[in-house]
Amino acid sequence: MTIIGLIFDIQRFSIHDGPGIRTTVFLKGCTLRCFWCHNPEGLRMTAEVQFLPNRCLACGACVAACEHDGQHLDATGRSFTRARCVACGACVEACVAEALTLAGRRMTAREVVAEVLRDRVFYETSGGGVTLSGGEPALQPDFAREILALAKVEGLHTAIETCGNVAWPGLEALLPFTDLVMMDLKQMDTGKHRAATGAGNERILANARQLAQTRKPLIFRTPVVPGVNDTAAEIEAIAAFVAELVALRAIASNGNGPADISWELLPFHRLADDKYRSLGLEYRARDLNPPPKDHMLVLAESARASGVAVRAN
Amino acid sequence: MPTPFTPEARYEALRATKMAHTAEKWQVIGAMNHDDWGLILPPPDRREVVQALSGSGVLINDVRLTEIPIEPNHPSGGFFGAIAVGRAFRTLLERHPVYLDPAASLAGAIMVNFMSYRKPHWNPDLDFSHLHADQKKYQIGSGIGATQHFCPDLAIGLELGWSGLLKKIAYYREVNAPRGAAFYAGLTDVILGMQDWIGRHAAAAQQMAAAEPHPDVRRNLAQIAELNARLVNEPPRTFREACQWMLWYLIAARMYNGSGATGRLDVLLQPYYARDTAAGVLTDDEAAFHIACLLLRETGYVQLGGPDAAGADVTNPVSYLILEAAHRIKIPANVGVCVGDTTDPSLLRRGVEIMFEDRLGVPKFLGVDRTVEGFARNGYPLELSRQRAYSGCHWLALPGIEYTMNDLVKINLAAVFEVALAEMLAAEVEPGMADLWSRFTAHLRRAVAVTAAGIDFHLAHMGEVFPELLLDLLCHGTIERGLDATAGGVDYYNLCVDASALATVADSFGACAHWIEREHRLTWAQLKEHLASDWAGETGERARLLMKRGPRFGHGGTVADEYAVRIAQVFTDLVKEQPTPAGYNMIPGLFSWASMIAMGKEIGATPNGRHAGDPISHGPNPDPGFRKDGAPTALAVAVAAVQPGYGNTGPLQMDMDPGLGRDADSIAKVAALIRSHFALGGTQINLNVLDKAQILEAHKDPSKYPDLVVRVTGFSAYFASLAPEFRQLVVDRIVAEG
């Protein structure tokens, strides 16, 4: 019996999602709403139609195909009424111009792994493997777990990228089949965290502490976003927390075993807001500028001053 | 003249001069959609612009030297046969101006293509009209009358020198007399012309030295004079002399008929390097500089590293110096780095570093273990197979002993497909995929037979039309037997037959299988109409977009991927099934050189959504847009899966963003990607590191980036010197990769 889940992308030749050359599987649905998110098509738990008006040929095929009155074409032009859309995909099928696409594809765990295995040679030559990301992989824990388990049976290195804002049992269930956990740490102040991401950070920090007490290699990542956490003070606060996690791990392992906890600062990159608009969403980070390289170095310095090893890309 | 006369200043001066030459060429010639050949223009008072057939068989704008009196020996106005050709080339050499750049350590450069004086290039009395109909039907590039594209053994020349070669010719002329008299006369004339040309450079350098005030420059010119005076007759003794001797030979071969086959330069130079460095008369910097001067004037194809006959890696310090030289001179160069189980992995790593630092598409990467295994599959021992040297765009050859017609023979699969499809749709039967496939293979079989017949015709007659007088000089057997390489002068004949338009055809099969037979979104009758009208009207355009959206070769796991493998397999089987009627072995490859535009012009609209006359697909590559993410791994898997596997290549063309080389970690991943492609069966990778934004800007206004170099296909060229439709091909690839 194989479990079906909802993914929105399988990205081959991923080189920023763990060691070596990897394939990243993006699971749909997230418990956060970070306003700078690069994958807005992964936020909602259900499939959704994306509409790119600049590709539309105004041929009316979608209007004819839609049984829910979601598509219109008249003298004033084309419109898509998202409120009426049930994401059945009929209009997507009908659209030859690919102006309508569906974000969210149902696949079985087996099908996902079969796709991932296409690049096996590259994992072997580069020390790579498969990474589950999204969205939030732990929001479909049974599906994610089966993918990871099947990957392990095939001898692949596995990694997950989690925001940490999930119930611990969901995350814990994945650990037996996960070689590397990557988790975001965005903001130590829960109020500021909520303002930026839509949720407080209590659960995230608690999960981080739980992970620290396992033996799993951990990479904590801080996306440096202007106005959110791009000051030395904010970074130092996170540094102090990472130091706490390193200490927790040392205690939990009685001073034995590898420390294997590292931390990275990743500069914010602005996206084109096409993706957001195609989903009917507003890209609130559209006017933000990426932090300059020398500022990233300053932040990395302030992090190291707390005694914690950190990489800044 | 650079002052101070330091290496850095000299490299700068050489580069600046090259840019000036290139700019002048753009002005006078216009677009150049081919290799940068290191040619410079004749002096203004001795030049004329003409249209001519290049050494690769393509019509080009070219510049000739005036005052080259060549006697035709045929009513057509052409000159044919060894005597006439040898005499004409000698005349050209004797009238060719001297070129000396005081910043360089080597003398010489060429200003013309001898081919531009050959009109017509084929003797019209040698008629092959019985083949014309089928050649046109299947758009076959027959290779009849095509030149060079095999590799000389430079070691012969380095050992004998020009007078040693003359002695060898005299000896065997006597042995074989009276047979071969014309051939020997032609060879002799070539050498006498070379000696005159070289001698004039020695004299000119002497004069320039005498008049030169700057002591360092004077010393350099005096050295050039002295060593060239020796090389008129004697074989080279030093590293610098070896570079100079090879340069003379290589540029002469290039001028003669476009040859650019250098081969294993690191092996050839290694003994000179070892001797001179041990004697303390050569530093690494000096060695790199001499190599750079060689690469500057002669953009031939070089192989670095790889196994010797016994399987041991030949990588030596010269291999790294050649990479270093390319890195310092920063011009289009065709250096290939071997990647194999026994080859030094640092060579690959250094190659990738230079690729990302310089962004000139240098070096290429060679899947040496796969090509060695593949060639052995023709029935050759591995000891022989390992000697096959990378010496051309997408090809290898055994130096001095193998005649190959590499990159000269092409079957346009899209033409074969078009014939099969039209035949099926006109027939009184219910169309279907099985029927289409069976007609396709039947026509492909016919196309291969016609190709084989053309090869035999070429081999039977080329020697009497335009013998390979330059390459013959450095072959084993040609002088000994008195026979041109095309006519039995060498021991091995393995003729390369390439298929083009693989993705165009695979995607066309895939689109029909998916949308017509499976999904019933279109009928065969509708397809027929749309193809005939070139997708005209709204319904036509919608049908075209639908078909374009179909399964794509390169995506992985689609019916188009399956067809690509099947097509490559059946092509391979048909080429290998039997030798040509005259008994010559053919080796299949997948390549289109730079002819995607020209080949596409002859083909109507195709079911993959392509418009009539649009370019066909590039080599064995999937068409751009095969995946939204354009994933390099998907690309590498796809191209590896269609390799014919008999020693000739199907090169993977890959373009990468500069960000992929930003640190040692990323470089390691690119190296892993390269190794993986070869592990999967790949044979060659042509890589470009291109900034998407920069390419788009340069496409709008090429003059903004005059030194932007791209690897178009097997060769590199200045982006600004390509015609707009060529630049578009590169842009389409980059844009589709997202």
Side-chain angles (χ1 to χ4, degrees), chain A residues 8-24 26 41 50 52 55-62 64-65 92-101 103 107 111 114-130 264 269 272 274-275 293 311-313, chain B residues 339 345 348 515 519 521-522 535 538-550 554-557 561 609 625 627-638 640-641 654 656-657 659-663 665-682 737-738:
Chain A
F8 65 91
D9 198 9
I10 298 181
Q11 179 182 280
R12 296 165 77 168
F13 196 68
S14 294
I15 54 170
H16 305 300
D17 297 297
I21 296 171
R22 310 186 73 80
T23 294
T24 305
F26 292 86
E41 68 271 44
Q50 288 178 273
L52 292 151
R55 287 195 193 167
C56 176
L57 299 177
C59 69
C62 57
V92 173
E93 263 285 300
C95 180
V96 298
E98 292 183 296
L100 292 163
T101 54
M107 285 180 83
E111 285 167 345
E115 182 71 22
V116 167
L117 285 172
R118 287 194 200 286
D119 282 352
R120 187 200 271 284
V121 173
F122 303 93
Y123 313 144
E124 284 166 11
T125 355
S126 69
V130 61
E264 291 173 359
H269 286 296
D274 289 359
K275 245 209 266 194
K293 192 152 191 213
R311 250 174 62 144
N313 293 353
Chain B
V339 181
L348 166 61
W515 293 119
E519 298 289 317
R521 290 278 289 263
L522 201 69
W535 312 101
E538 258 190 53
T539 17
E541 178 61 10
R542 279 207 295 260
R544 191 183 76 81
L545 288 173
L546 179 72
M547 295 298 261
K548 213 167 167 228
R549 202 183 112 196
H555 187 279
D561 290 288
R627 278 180 70 96
K628 284 191 189 19
D629 60 11
T633 52
L635 189 53
V637 168
M654 192 149 56
M656 297 199 136
D657 185 85
L660 284 171
R662 66 175 175 211
D663 53 33
D665 209 36
S666 306
I667 299 258
K669 287 173 189 173
V670 173
L673 177 67
I674 292 169
R675 275 184 287 118
S676 304
H677 176 62
F678 296 143
L680 288 167
E737 279 157 18

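Here the structure is a predicted model, which means the values were calculated and not measured. Just so it is clear: chains get the letters A, B, ... in the order the sequence lines come, proteins before strands, and each one is counted from 1.
- Listed options A:Ala61, A:Ser126, A:Gly20 were ranked by heavy-atom pairs under 4.5 angstrom with chain B; first place goes to A:Gly20.
- The structure places CZ of A:Phe13 at 4.5 Å from CE of B:Met656, a figure rounded to the nearest 0.5 Å.
- Only the side chain of A:Glu115 comes within contact range of chain B, with heavy atoms under 4.5 Å apart.
- Note that CZ of B:Arg627 is 8.5 Å distant from CD1 of A:Ile10, once rounded to the nearest 0.5 Å.
- Note that CG of B:Leu545 is 10.5 Å distant from CZ of A:Arg55, once rounded to the nearest 0.5 Å.
- With a 4.5 angstrom heavy-atom cutoff, B:Arg544 does not touch chain A via any of its atoms.
- To the nearest 0.5 Å, atom CD of residue A:Glu124 and atom CZ of residue B:Arg675 are 12.0 Å apart.
- In this structure, the separation between SG on A:Cys95 and CZ on B:Arg549 is 6.5 Å, given to the nearest 0.5 Å.
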Self-check item: Chi angles and distances behind the side-chain contact (heavy atoms from CB on, under 4.5 Å) call for A:Phe122, B:Val637
Solution: CA-CA 10 Å; A:Phe122 303 93; B:Val637 168; 3.5 Å; yes

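- Using a 4.5 Å cut-off between heavy atoms, A:Ala58 does not touch chain B at all.
- A:Arg12 contributes no side-chain N or O that, together with a main-chain N or O of B:Asp629, makes up a donor-acceptor pair within less than 3.5 Å.
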Quiz item: Can you list the steps and then say if B:Arg542 with A:Leu57 is a side-chain contact (heavy atoms from CB on, under 4.5 Å)?
Solution: CA-CA 9 Å; B:Arg542 279 207 295 260; A:Leu57 299 177; 4.3 Å; yes

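- Shortest non-hydrogen contact noted between B:Ala672 and A:Ile21 is CB-CD1, 4.1 Å.
- Proximity to chain A is limited to the side chain of B:Ala679, based on heavy atoms less than 4.5 angstrom apart.
- Of all the listed residues (B:Ser676, B:Pro632, B:Ala543), the one sharing the greatest number of non-hydrogen pairs under 4.5 Å with chain A is B:Ser676.
- Ranked by heavy-atom pairs shorter than 4.5 Å toward chain A, the options B:Ala636, B:Ala668, B:Gly557 are led by B:Gly557.
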Practice problem: Test salt bridge (Lys or Arg N to Asp or Glu O under 4.0 Å) on A:Glu98 and B:Lys548 and set out the steps. | Solution: CA-CA 11 Å; A:Glu98 292 183 296; B:Lys548 213 167 167 228; over 6 Å; no

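- Taken from NZ in B:Lys669 to NE2 in A:His16, the straight-line distance is 7.5 Å, to the nearest 0.5 Å.
- Of the residues considered (B:Ala631, B:Ala634, B:Ser666), B:Ala634 shows the highest number of contacts with chain A, using heavy-atom pairs under 4.5 Å.
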